[in-house]
Amino acid sequence: MQFEEINGALEFRHNGERVRIEPWGKDALRVRAVMAGTFTGDRRALSEEIPAQSAQIRFMEEEFREGDGSRSKKPRASVTNGALSAEVNFAGVITFRKNGEEILREYYRMYDGTVSKESRCLKFVNREWKGIPGASEYSLNVKFESRDGEKIFGMGQYQHPYLNLKGCVLELAQRNSQVSVPFAISSLGYGFLWNNPAVGRVTFGKNVTEWIARSTREMDYWITAAGTPKEILENYTAVTGRADIFPDSLLGLWQCKLRYRTQEEVLEVARRYKREGIRLDAIIIDFFHWTVQGEWKFDRTYWPDPEAMTDELHAMGTKVFVSVWPSVDRRNGNFAALTERGLLIRTERGAAQTYDYQGDCVELDVFNPETRAYLWEVCDRNYRSAGIDAFWLDNSEPDYGVYDFEHYRYCTGPALTNSNLYPQLYSRAFFDGMSRTGGPVVNLVRCGWAGSQKYGNVIWSGDIPSTFEALADQIQCGLNMGLAGIPWWTSDIGGFMTEDASDPDFRQLLVRWFQFAVYSPVLRMHGDRGPHDIPPLDTRNSGGGYLHTGHPNELWSYGGEVYAILKKYLAVRESMRGYISGLYREAHENGSPLLRAMFYEFPQDGKCWELRDQYMFGGKYLVAPVLQLNAFSREVYLPEGEWKLTSGGETFRGGQTVRADAPLDYMPVFERLS
């Protein structure tokens, strides 16, 4: 094998594979490989321009004892960028070191005639390419050695209770309530980006770490090393982008439900909030305010004058969001034009259908720039011109009727190859258009990918059940999303799916969820409140009037006791506006999330690396959500320092676990004094 220095990077060829390792940002390296031809030149998540860098590249020889006892010299090489170096041996196996200490090594078990660590008869290679019959793509399996005691965080949002992902198997695919953002932070002091939008899987096993892309032309990953998680995230967001400054006008309450069916319903809710003396920052108009999917306009039967509606809401200081889906029903007027111009997703066989909720639909191929321009032109004409401020980009995975990714194809290739990028491109149709009018862009999006933080995306956790178990899951969802570089995050207060909104147990859950949401990036009321016993506005199976709606979901909808608690906590939120604004600015400046795992603020405290049911809201507040029904106290671990309980001002020394009272009208929060 021969190593070369080419344009400041280390390159080598091995068994038909071409590999390139180059400096890419602070204390970071990018590693790419192809089996045929040249590198694609696609930067994917690594979108930011970085200063010109030079790495130290060394060519060396290593002495080996052959199987017959003789000795020989084999070539090896290394490339160093600051604290991070990559060393490659004669078999093409890469070892990464931070300040000389090994942190990550590719997994290789192949007998090669030498007596070495890698010499085995198992025939496992570190980078395994398998050609896909009849296609130019390959399946790719990249393996790394696993390390005992290592903890892994980030990776986006998965609906399970695990903050530490060591031992987890994660699908690299987008689904409703699952957000694949393939950036991981290791307790060993490195961050790793799988810079590949292919559908696949990652296994953080005890015996091996394995990244799989089911269909790809190029291996591409990025790694950085630093002393703390905060520094790792700063390095990562420097090369993938950071969120804009979040507007102060949206730091308070956002109101939503399934569904406001008419503009009068929306206005009555906003007027009631005004009469109650409650500031309402945003109100959100959900789906089927249209007649059929893909029209992207109001059904004028029920929304006769949206311009007047938005004028009145704006006079109250309330921004207006409206739901947009990427699905296009065959019955609507845009379908023929989109089909003729090739702007819809293709199916590989059978009928052309990708989505079947409330209509026979095909979804937009947002990989095509022409599609994104078409969508924005319609939404700009029908919504923005009517005064709509922002968009709720639902079903943005996209939500396929059946998740057979091999069945779908975009203009750029098979869905297996790049489907994880779909939600980011969908949001960019709106970000690019809205950016032209100036000001920060803020849209609510159900999914995202690496780098989505720079496109005005508030990602929410999808259609989750109304259970305490789901509430507990959202703690790790929000924390791991932040550690994956996505600071703008929210969840449906109370969960999305409620069978009986009058159930006292649900009302207790709603209170506990609201308390958590007050100490979250975005405070948003939403949910489908059962039972579904409200008559439709129109019994005909067409138009926005026939579809069901949920019961009321405003702050006053759950009885006087609950209303009093929610108002109390909304006042807490209002009192923190300046503080929260500062957290958003910090996210913009260095990538820090608002929701922070305990170890993010206290990386030297080993206990903090174990905690998953409490967190820091910025650097000041330690938040301990109540995650069980009828729980009215809980244990809280306090790191070193001095802490004040916000309920009564009692102070505690850190380095201990305390039990805090948690009556229904209080969630334990400790203010950090030192």
Side-chain angles (χ1 to χ4, degrees), residues 134-135 137 173-176 197 199 215 287-300 322-385 391-433 445-447 541-544 546-547:
E137 292 83 10
Q174 316 290 17
R175 296 174 184 259
N176 183 348
V199 173
S215 176
F287 68 141
F288 271 84
H289 61 269
W290 55 72
T291 55
V292 295
Q293 292 166 74
E295 283 186 319
W296 306 305
K297 65 181 180 181
F298 286 104
D299 179 352
R300 292 287 175 152
V322 70
S323 176
V324 174
W325 290 10
S327 44
V328 185
D329 194 303
R330 294 178 185 276
R331 294 172 292 175
N332 105 61
N334 290 315
F335 187 87
L338 289 164
T339 302
E340 177 65 24
R341 293 165 63 176
L343 305 185
L344 301 175
I345 295 171
R346 292 172 52 194
T347 54
E348 298 284 36
R349 52 200 169 272
Q353 183 191 77
T354 65
Y355 190 65
D356 59 1
Y357 177 75
Q358 300 294 332
D360 182 4
C361 300
V362 184
E363 285 151 312
L364 294 169
D365 180 1
V366 295
F367 287 84
N368 191 330
E370 188 180 344
T371 305
R372 301 196 298 272
Y374 184 103
L375 174 62
W376 172 246
E377 189 278 327
V378 175
C379 290
D380 187 36
R381 181 176 68 245
N382 293 337
Y383 291 132
R384 288 286 275 187
S385 65
F391 297 90
W392 182 8
L393 304 178
D394 208 343
N395 290 19
S396 57
E397 296 83 18
D399 190 359
Y400 283 121
V402 179
Y403 281 96
D404 289 336
F405 291 101
E406 62 270 22
H407 181 50
Y408 309 112
R409 179 173 289 270
Y410 310 123
C411 66
T412 52
L416 279 177
T417 302
N418 51 19
S419 198
N420 286 326
L421 196 54
Y422 188 101
Q424 187 181 109
L425 292 174
Y426 177 45
S427 73
R428 286 198 63 180
F430 296 83
F431 177 82
D432 292 345
V445 190
R446 201 169 73 181
C447 202
N541 190 29
S542 65
Y546 86 93
L547 200 60

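Each residue takes its place number in the sequence, starting with 1.
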Least distance between heavy atoms, [X] atom then [Y] atom:
| X | Y | value |
| --- | --- | --- |
| Ser327 | Tyr355 | CB-CD2, 3.9 Å |
| Gln353 | Arg330 | N-NH2, 4.5 Å |
| Tyr383 | Ser323 | OH-O, 4.2 Å |
| Pro326 | Asp394 | CD-O, 3.4 Å |
| Ser215 | Thr417 | OG-OG1, 2.9 Å |
| Gly359 | Arg331 | CA-NH2, 4.1 Å |

Roughly how far, to the nearest 0.5 Å, is the [atom2] atom of [Y] from the [atom1] atom of [X]?
| X | Y | atom1 | atom2 | value |
| --- | --- | --- | --- | --- |
| Asn418 | Thr412 | CG | OG1 | 4.0 Å |
| Asp356 | Asp399 | CG | CG | 9.5 Å |
| Phe391 | Cys379 | CZ | SG | 5.5 Å |
| Asn382 | Glu377 | CG | CD | 8.0 Å |
| Leu338 | Asn332 | CG | CG | 8.0 Å |
| Asn334 | Arg341 | CG | CZ | 10.0 Å |

Notebook entry, point to check: What about Tyr410 and Tyr408, are their ring centers closer than 6.0 Å?
Noted result: no

Check: Is the ring centre of Trp376 less than 6.0 Å from the ring centre of Tyr374?
Finding: no

Checklist line | Arg409: partners by side chain to side chain contact (heavy atoms under 4.5 Å, CB included), with sequence neighbours left out | finding: Arg346, Glu348, Pro414

Is the backbone of [Y] close enough, under 3.5 Å, to the side chain of [X] for a donor and an acceptor to pair up by distance?
| X | Y | answer |
| --- | --- | --- |
| Gln358 | Gln293 | no |
| Asp299 | Thr291 | no |
| Thr354 | Glu363 | yes |
| Ser427 | Gln424 | yes |
| Trp325 | Ser396 | no |

Check: Is there side-chain contact between Thr371 and Tyr426, with at least one heavy-atom pair below 4.5 Å?
Finding: no

Next item on the list: Report yes if the side chains of Leu344 and Leu364 come closer than 4.5 Å at any heavy-atom pair, otherwise no.
Entry: yes

Notebook entry, point to check: What residues form a salt bridge (charged side-chain N to carboxylate O under 4.0 Å, His left out) with Asp365, not counting sequence neighbours?
Noted result: none

Item checked: Audit row: Arg372, Phe431, side-chain contact (heavy atoms from CB on, under 4.5 Å) steps and yes/no -> CA-CA 10 Å; Arg372 301 196 298 272; Phe431 177 82; over 6 Å; no

Check: Could you go step by step and tell me if Asp329 and Cys361 meet the side-chain contact (heavy atoms from CB on, under 4.5 Å) rule?
Finding: CA-CA 4 Å; Asp329 194 303; Cys361 300; 4.1 Å; yes

Next item on the list: Look at the rings of Tyr403 and Tyr400 and say which category their plane angle falls in: under 30° parallel, 30 to 60° tilted, over 60° perpendicular.
Entry: perpendicular

Next item on the list: Please say which of Val324, Asn395, Val322, Leu547 ends up in a side-chain contact (heavy atoms from CB on, under 4.5 Å) with Phe287.
Entry: Leu547

Margin query: Going by the rule side chain to side chain donor-acceptor pair (under 3.5 Å), which residues pair with Asn176 if we only count those two or more places apart in sequence or in a different chain?
Written below: Asp463

